[in-house]
Each structure stands twice: as structure tokens, then as C-alpha cells.
J.: 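Have a look at this one.
If you read the sequence from its start, that first residue is 1, and numbering goes on from there.
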Amino acid sequence: MIKKFFDWLKQPLGLIAVGIVFLAVFSAAAYGIYTTQQAPEQPVPGFPHKTHISFGIQCLYCHPGASKGPAAGLPSQAKCWACHNQIVKTRDSALLAPLKDAVLSGQSLEWVPVAIVPDFVQFNHRAHIAAGRNCEECHGDMTQQLVAQNPQVMNMGWCLNCHVEAAGEDQAKLVKLADCGTCHY
Ligand code: HEC
Ligand code: HEC
Ligand code: HEC
Ligand code: HEC
Ligand code: HEC
């Protein structure tokens, strides 16, 4: 399988591609490590994934786009409030003050993205969920996270590694999944 991939790469077009790919991967790596591997300050500083997931709330309840299209999406404050104006126990929690303020003032919470690829990359959640991939494979174990962090650098090498592995012996699939036009168009 790996050999076939290298045979493909040895074609003239493949060689050019290899050059570009190496430049791409290396130049982007340093920047990627810097930007992705730290938890940013969020509008609700203590939004705990851990707590919500432990109450049995599904990922797709808050991120329904992941099974339907390119973007997973983030929940609106109306969705948060539908639960939180009912939960008396934490209604006056200091951690919820920013949510309450946003709801009362009608201003939306501006979450800072954590998992992100540049605009010229076409990532699509649906294709991956349809292929049976778990959120965890790419986003790490969110049941242990408070403020969301990115477990890995989401660069081209990362995408391609998994695509080569996913294609296995299937040559047609490999060509498709490693084709520049699959992710850049
Ligand atoms: C499906 C119901 C549900 C939704 C939707 C929901 N939450 Fe929660 N949230 C909970 C539950 C249950 C707890 C734990 C409450 C407890 O410990 O009594 C919690 C806890 C919290 C806490 C911790 C409070 C504390 O004092 O420890 C914060 C902060 C919070 N939620 C923010 C949010 C935000 C922001 C949203 C929207 C993005 C949201 N929640 C959406 C049910 C929900
Ligand atoms: C109660 C709603 C809720 C549930 C349930 C939930 N999330 Fe989230 N998720 C959020 C909110 C709000 C944010 C934005 C705040 C942040 O980044 O911490 C977020 C952010 C994220 C991010 C980072 C997104 C970005 O902007 O880059 C990932 C990845 C993620 N969630 C994955 C998951 C996975 C996987 C699960 C299930 C194991 C899950 N979430 C369950 C509400 C939820
Ligand atoms: C094959 C890897 C992969 C899988 C599987 C995956 N994601 Fe993602 N996710 C990404 C990448 C890459 C991004 C950045 C996308 C971008 O910037 O366009 C992302 C972004 C996100 C975001 C940020 C906001 C948005 O709208 O995209 C959330 C939330 C998220 N993923 C949740 C999930 C959930 C929930 C699941 C499981 C149902 C999941 N992801 C499965 C790779 C993955
Ligand atoms: C953990 C493994 C994994 C990672 C990481 C991954 N992918 Fe994928 N990707 C897959 C699988 C599996 C498929 C579906 C292959 C099939 O059709 O059976 C897929 C399919 C796709 C498709 C759809 C191809 C089509 O059928 O049209 C695109 C586009 C794509 N991936 C882009 C990306 C990008 C961009 C990244 C990195 C940001 C990425 N993928 C990271 C496993 C992965
Ligand atoms: C599976 C998806 C995928 C495929 C296939 C793919 N790329 Fe990329 N490419 C990416 C991602 C993701 C990035 C963003 C890298 C980052 O931020 O570190 C990227 C970045 C780039 C960049 C910009 C580098 C930079 O430093 O910003 C170039 C140029 C590029 N790719 C060229 C190509 C060429 C040529 C091919 C075909 C041989 C190709 N890509 C195939 C996912 C892909």
C-alpha cells in the first residue's frame, strides 16, 4: 500500500506535489503548534464539557451540524438557557453570570475557535461521521475537558496520514483521498 503511494508520488506531478507538501507541512507546523495547543479565554470562562457530558448530554445535541454538513456548529445561548433557566441549583452560579448577562442583553456569546483549519481547506464533518469516525479520534477525550483544547495540530500531514491509512489497499480511494482537489478547491 505504502509502496503504491510512493509509486504515485514518483510521477512528475507527484514530485511537484511532494515538494509543495513538505513546504506546506513544515512551514505550517510551527504556527499550528503555537495557535492550536492552548486553551483560549472564552466568554463563559468555565464552560465545562466534562460536566455536561457526565449528565448524558450528547455531542450532537450541542453540535448537530457534525452529522449533517461541513461545520459542527456551536450551541446558541437560547439552547443553553433552555436548560439553565430551569436548573435552580446553579442558576445563580458565578460561572453562569456571563450566560445570564448575554441572554438578558440579547448579545450573543462569541466563542473563540479552538479546532480550526485555514479557509482554503475544505473540511467536512459529515463525510467523516458517515465513515464511522468518532469525535474523539480528532478532538480527544472531551469528557475530561473543562475549557476545550485541541489535542493535536490539525495540519495537512495529519489529514493525509489518516487518509492514507483509511484508503488501505484501495487504490482508487487513495487517489481520491490524497488528491489536492479533495481538500483544496
Ligand atoms: C441539556 C441541558 C443543558 C444545556 C443545553 C446546557 N447546560 Fe450547562 N449544565 C447543565 C447541567 C445539568 C449542569 C450541572 C448542574 C449541576 O451541577 O447541578 C450544567 C453546568 C453548567 C456550568 C457550571 C455551573 C457551575 O456553577 O458549576 C456552566 C458554566 C454551564 N453549564 C454553562 C452552559 C452553557 C454556556 C451552555 C450553552 C453553551 C450550557 N451550559 C448548556 C445542563 C445544560
Ligand atoms: C451542552 C452543550 C455541549 C455538549 C454536550 C458538547 N459540547 Fe462541545 N462545545 C460546546 C460549547 C459551548 C463550545 C464552545 C466553548 C469552548 O470551546 O469551550 C464547545 C466547543 C467544542 C469544541 C471546540 C470547538 C471550536 O470552536 O474549535 C469541540 C471540538 C467540541 N466542543 C467537541 C465536543 C464533543 C466531541 C462533545 C461530546 C463528547 C461535545 N463537544 C459536547 C458545547 C457542548
Ligand atoms: C476526522 C476528524 C474529525 C472528526 C471525526 C470530528 N471532527 Fe470536529 N473538527 C475537525 C476539524 C479539522 C475541525 C476544524 C474545521 C474547520 O476549521 O473548518 C473541527 C471543528 C469542530 C468544531 C468547531 C466548530 C465547527 O462548527 O466546526 C466542533 C464544535 C467540532 N469539530 C465538533 C465535533 C463533534 C461533536 C464530532 C463528532 C460528532 C466531531 N467534531 C468529529 C475534525 C474532526
Ligand atoms: C482520523 C482519520 C481522518 C482524519 C484525521 C482526516 N480524515 Fe478526512 N476522511 C477520513 C475518512 C475515513 C474519510 C471517508 C473516506 C471514504 O469515502 O470512505 C474521509 C473523507 C474526507 C473528505 C471527503 C472526500 C469525499 O468523499 O469527497 C474530505 C474532503 C476530507 N476527508 C478532508 C479532510 C481534511 C481537510 C482533514 C484534515 C483537516 C481530514 N480529512 C482529516 C478520515 C480522516
Ligand atoms: C486531506 C486533506 C488535504 C489534501 C489531500 C491536501 N491538503 Fe494541502 N492542506 C491541508 C491542510 C489541513 C492545510 C493547512 C495546513 C496547516 O494549517 O498547517 C493545507 C495546506 C496547504 C498549503 C499551504 C501551506 C501553508 O504553509 O500554509 C498548500 C500550498 C497545500 N496545502 C498544497 C497541497 C497540494 C499541492 C496538495 C496535493 C498534493 C494538497 N495540499 C493536498 C489539507 C490537505
J.: Does Q122, at its CD atom, have more than 12 non-hydrogen atoms belonging to other residues, nucleotides or ligands within less than 6.0 Å?
T.: yes

J.: Can you check whether P64 reaches K79 side chain to side chain, under 4.5 Å on heavy atoms?
T.: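 Yes. Closest side-chain heavy atoms under 4.5 Å.
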
J.: Using a 4.5 Å cut-off on heavy atoms from C-beta on, say whether the side chain of V44 contacts that of Q42.
T.: no

J.: Surrounding NZ of K176 (heavy atoms of other residues, nucleotides or ligands, distance under 6.0 Å), is the total greater than 12?
T.: no

J.: Identify the two heavy atoms, one from H139 and one from M142, that lie closest to each other, and give their separation to 0.1 Å.
T.: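 Heavy atoms of H139 and M142 come nearest at O-SD, 3.8 Å.
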
J.: Looking at Q58, I want to see if its CD is surrounded by more than 12 non-hydrogen atoms of other residues, nucleotides or ligands under 6.0 Å.
T.: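 No, not enclosed.
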
J.: Say you draw a straight line from CZ of F55 to SG of C83; how long is it, rounded to the nearest 0.5 Å?
T.: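 Rounded to the nearest 0.5 Å, the CZ-SG separation comes to 10.5 Å.
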
J.: When hydrophobic residues are tied together by side-chain contacts of less than 4.5 Å, even through go-betweens, does L74 share a cluster with V103?
T.: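 Same hydrophobic cluster.
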
J.: State, to 0.1 Å, how close K100 and W81 come at their nearest heavy-atom pair, and which atoms those are.
T.: CG-CH2, 3.6 Å

J.: Quick check: do E41 and V112 have side-chain heavy atoms less than 4.5 Å from each other?
T.: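 The answer is no; the side chains never approach within 4.5 Å.
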
J.: Taking the side chain as C-beta and beyond, is there a heavy-atom pair between L109 and L99 under 4.5 Å?
T.: yes

J.: So how far is it from H128 NE2 to C135 SG, rounded to the nearest 0.5 Å?
T.: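 Atom-to-atom, H128:NE2 and C135:SG are 12.5 Å apart.
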
J.: How many angstroms lie between atom CD of Q77 and atom CG of L104, to the nearest 0.5 angstrom?
T.: 10.0 Å

J.: Any heavy-atom pair between the side chains of M154 and C159 that's under 4.5 Å?
T.: no

J.: Say you draw a straight line from CD1 of I87 to CG of L96; how long is it, rounded to the nearest 0.5 Å?
T.: 8.0 Å

J.: Test H52 against F47 for side chain to side chain contact (heavy atoms under 4.5 Å, CB included), laying out the working first.
T.: CA-CA 9 Å; H52 290 88; F47 174 78; 3.4 Å; yes

J.: Are any non-hydrogen side-chain atoms of C162 and R133 less than 4.5 angstrom apart?
T.: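 Sidechains of R133 and C162: in contact.
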
J.: Please find the pair of heavy atoms, one from Y185 and one from G181, that lie closest to each other, and give the distance.
T.: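 For Y185 versus G181, the nearest heavy atoms are CD2-O, 3.2 Å.
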
J.: Distance check, rounded to the nearest 0.5 Å: H49 atom NE2 versus S54 atom OG?
T.: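 Reported value, rounded in 0.5 Å steps: 12.0 Å.
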
J.: Please report the closest heavy-atom contact between I57 and C62, naming both atoms and the distance.
T.: CG2-SG, 4.5 Å

J.: Give, for atom CG of D141 and atom CG of N134, the distance between the pair rounded to the nearest 0.5 Å.
T.: 11.5 Å

J.: What do the steps show when you test V164 against L174 for side chain to side chain contact (heavy atoms under 4.5 Å, CB included), and what is the final call?
T.: CA-CA 6 Å; V164 170; L174 178 61; 4.1 Å; yes

J.: Assess whether side chain to side chain contact (heavy atoms under 4.5 Å, CB included) is satisfied between H184 and V121, documenting all intermediate values.
T.: CA-CA 5 Å; H184 303 293; V121 179; 3.9 Å; yes

J.: Over all heavy atoms of both residues, which pair between N150 and C138 is shortest? Give the atoms and the distance, please.
T.: OD1-O, 4.4 Å

J.: Got a sec: does the CD of E137 have more than 12 other heavy atoms crowding it under 6.0 Å?
T.: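 Enclosed: over 12 neighbouring heavy atoms sit under 6.0 Å from CD of E137.
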
J.: Looking at every heavy atom in both P98 and P43, which two are closest together, and how far apart are they?
T.: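 Smallest interatomic distance, heavy atoms only, reads CB-O, 3.3 Å.
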
